[in-house]
Amino acid sequence: FHSFCDTENIPRHKCLQRTEHLLCAFAVSCMGSLARNTMSNQMAALKAWHIYNNAPLLGRPHLCYMINGVTNLAPSTHKPSCPLVTCSMLLVLANSFHLFDPFDACCLAAASFTIWGQVHLGEILSPWERSFKPLLVIFWHHLHSPLNANGSWKCHLPFTKVAKSKGEDVVICQQWDSSDSISALLSHLSINQIPPKLPLFSYYTPHWDHWHCLTKKNLLTCCKKEII
């Protein structure tokens, strides 16, 4: 609001008066440039600023109509949907990755686990390479196998988007092609030899002689590179 007043060369004493005409002009200045929620947040902040300074918020009917008009003309924030991930994409990854490479093995295991387990990446991966929150990622001991004669595995997610800290169980069913999540997991665990105290989706880096957590950013970057 103060930036708007400075841009329009409105004297400071008139800014402090906060007339309905001035508030409507401020609302109109945001027309077509701010999203609906952003505009609403700005007006809420302006109202809170009035309350903090023990000043009345002038302008009721005209300002309300003006705010409604501005929000109706707000630019669309809808983003185009991302392409669907298909089994054929997993097969491309399985055939493109170097499965004896610690990082590639970890990426394939995480990708197939995410698809066949129908989980969010944020529910199984740490957002940081060199640190993690134990209550928000999965470890080797969260896996339970097998559940049946078909070789299905169960995995407990300690934290999910819906259940929060209550967690949920997911079942990973065995697939009969190279996109099989269970085979990818076993290969990943065999190659990376992850210590029990580290997240399940970690990979060994020989150059640093250390393990790093697989992040969402690194996984998606690697997958896009191979598919595209």
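Residue indices begin at 1 and follow the sequence shown.
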Asker: Identify the heavy atoms of Leu108 and Ala184 that sit nearest to each other, and give their distance.
Answerer: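 It is CG-CB, 4.1 Å.
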
Asker: Quick one: does Asn95's side chain have a donor or acceptor within less than 3.5 Å of a partner on Leu91's backbone?
Answerer: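 Yes; at least one donor-acceptor contact below 3.5 Å.
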
Asker: Ignoring hydrogens and angles, tell me if any N or O in the side chain of Asp177 forms a donor-acceptor pair with the backbone of Ser179 under 3.5 Å.
Answerer: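 Side chain of Asp177 to backbone of Ser179: a pair is present.
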
Asker: I would like to know whether Cys223 and Leu93 meet side chain to side chain contact (heavy atoms under 4.5 Å, CB included); could you show each step before the answer?
Answerer: CA-CA 7 Å; Cys223 291; Leu93 294 179; 3.7 Å; yes

Asker: Locate the shortest heavy-atom distance separating Gln193 from Ser190; write the atom from each residue and the value.
Answerer: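 What the structure gives for the nearest pair is NE2-O, 2.8 Å.
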
Asker: Are side-chain heavy atoms of Val85 and Thr114 found at a separation under 4.5 Å?
Answerer: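 They are not in side-chain contact.
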
Asker: Decide yes or no for Thr215 and Leu125: does some side-chain heavy atom of the first lie under 4.5 Å from some side-chain heavy atom of the second?
Answerer: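 Side chain of Thr215 against side chain of Leu125, heavy atoms only: no contact under 4.5 Å found.
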
Asker: Any sub-3.5 Å donor-acceptor pair from Thr205's side-chain atoms to His207's backbone N or O?
Answerer: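 Looks like no, no N/O pair under 3.5 Å.
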
Asker: Residues sharing Ile191's hydrophobic cluster, by side-chain heavy-atom contacts under 4.5 Å among ILVMFWY, directly or via others?
Answerer: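 Reading the cluster by chain and number, Ile191 sits alone, since nothing else belongs.
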
Asker: Any side-chain to backbone donor/acceptor pair from Gln118 onto Ile115? Under 3.5 Å, distance only.
Answerer: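 Side chain of Gln118 to backbone of Ile115, a donor-acceptor pair under 3.5 Å: no, none is there.
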
Asker: Does Ile124 reach the side chain of Leu200, with side-chain heavy atoms less than 4.5 Å apart?
Answerer: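 The answer is no, as the side chains (C-beta and beyond) never meet within the 4.5 Å cut-off.
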
Asker: Which residues pass the ring-ring contact (aromatic ring centres under 6.0 Å, His included) test with His141, not counting sequence neighbours?
Answerer: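 Phe139.
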
Asker: Please name the pair of heavy atoms, one in Leu219 and one in Ala110, separated by the smallest distance, quoted to 0.1 Å.
Answerer: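 Residues Leu219 and Ala110, closest heavy atoms: CD2-CB, 4.1 Å.
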
Asker: Could you tell me whether a side-chain N or O of Asn150 sits under 3.5 Å from a main-chain N or O of Ser152, the two making a donor and an acceptor?
Answerer: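 No; judged by distance alone, with no hydrogens or angles, the pair does not exist.
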
Asker: Which one of Ile138, Val171, Leu185, Asp169 satisfies the side chain to side chain contact (heavy atoms under 4.5 Å, CB included) criterion with Cys155?
Answerer: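 The residue from Ile138, Val171, Leu185, Asp169 that satisfies side chain to side chain contact (heavy atoms under 4.5 Å, CB included) with Cys155 turns out to be Ile138.
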
Asker: According to a hydrophobic-cluster definition based on side-chain heavy atoms being under 4.5 Å apart (Ile, Leu, Val, Met, Phe, Trp, Tyr only), do Tyr204 and Phe201 belong together?
Answerer: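 Yes, one cluster joins them.
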
Asker: Check whether Leu143 and Val137 end up in the same hydrophobic cluster, where Ile, Leu, Val, Met, Phe, Trp and Tyr are linked by side-chain heavy atoms less than 4.5 Å apart.
Answerer: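 Shared cluster, yes.
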
Asker: Mind checking whether Phe132 and Ser202 have side chains closer than 4.5 Å, heavy atoms only?
Answerer: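 Side chain of Phe132 against side chain of Ser202, heavy atoms only: no contact under 4.5 Å found.
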
Asker: Considering non-hydrogen atoms only, spot the tightest contact between Lys216 and Leu121 and give its length.
Answerer: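 Nearest pair, atom of Lys216 first, then Leu121: CG-CD1, 3.7 Å.
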
Asker: Restricting to non-hydrogen atoms, name the atom on Ile182 and the atom on Gly151 that form the minimum distance, rounded to 0.1 Å.
Answerer: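 In this case the closest contact between Ile182 and Gly151 is CD1-O, 2.9 Å.
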
Asker: Any side-chain heavy atom of Gln174 sitting closer than 4.5 Å to one from Trp116?
Answerer: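 No, side chains not in contact.
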
Asker: Return yes if some donor-acceptor pair links the side-chain N/O of Asp104 with the main-chain N/O of Leu99 below 3.5 Å, else return no.
Answerer: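 Checking the backbone N and O of Leu99 against the side chain of Asp104, no donor-acceptor pair under 3.5 Å is found.
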
Asker: Heavy-atom count check: over 12 atoms from other residues, nucleotides or ligands less than 6.0 Å from His210 NE2?
Answerer: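 Yes, NE2 of His210 has more than 12 neighbouring heavy atoms, counting only those of other groups under 6.0 Å.
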
Asker: Between Phe103 and Leu214, is any pair of side-chain heavy atoms under 4.5 Å apart?
Answerer: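 Heavy-atom side-chain distance check passes, below 4.5 Å.
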
Asker: Taking all non-hydrogen atoms of both residues, which atom of His188 and which atom of Ala109 are closest, and how far apart?
Answerer: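 Residues His188 and Ala109, closest heavy atoms: CB-CB, 3.7 Å.
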
Asker: If you define the side chain from C-beta out and look only at heavy atoms, does anything of Leu135 sit under 4.5 Å from Ser165?
Answerer: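 With C-beta onward as the side chain, the pair stays apart.
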
Asker: A side-chain contact here means heavy atoms from C-beta on lying under 4.5 Å apart; do Trp153 and His144 qualify?
Answerer: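 A side-chain contact under 4.5 Å is absent here.
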
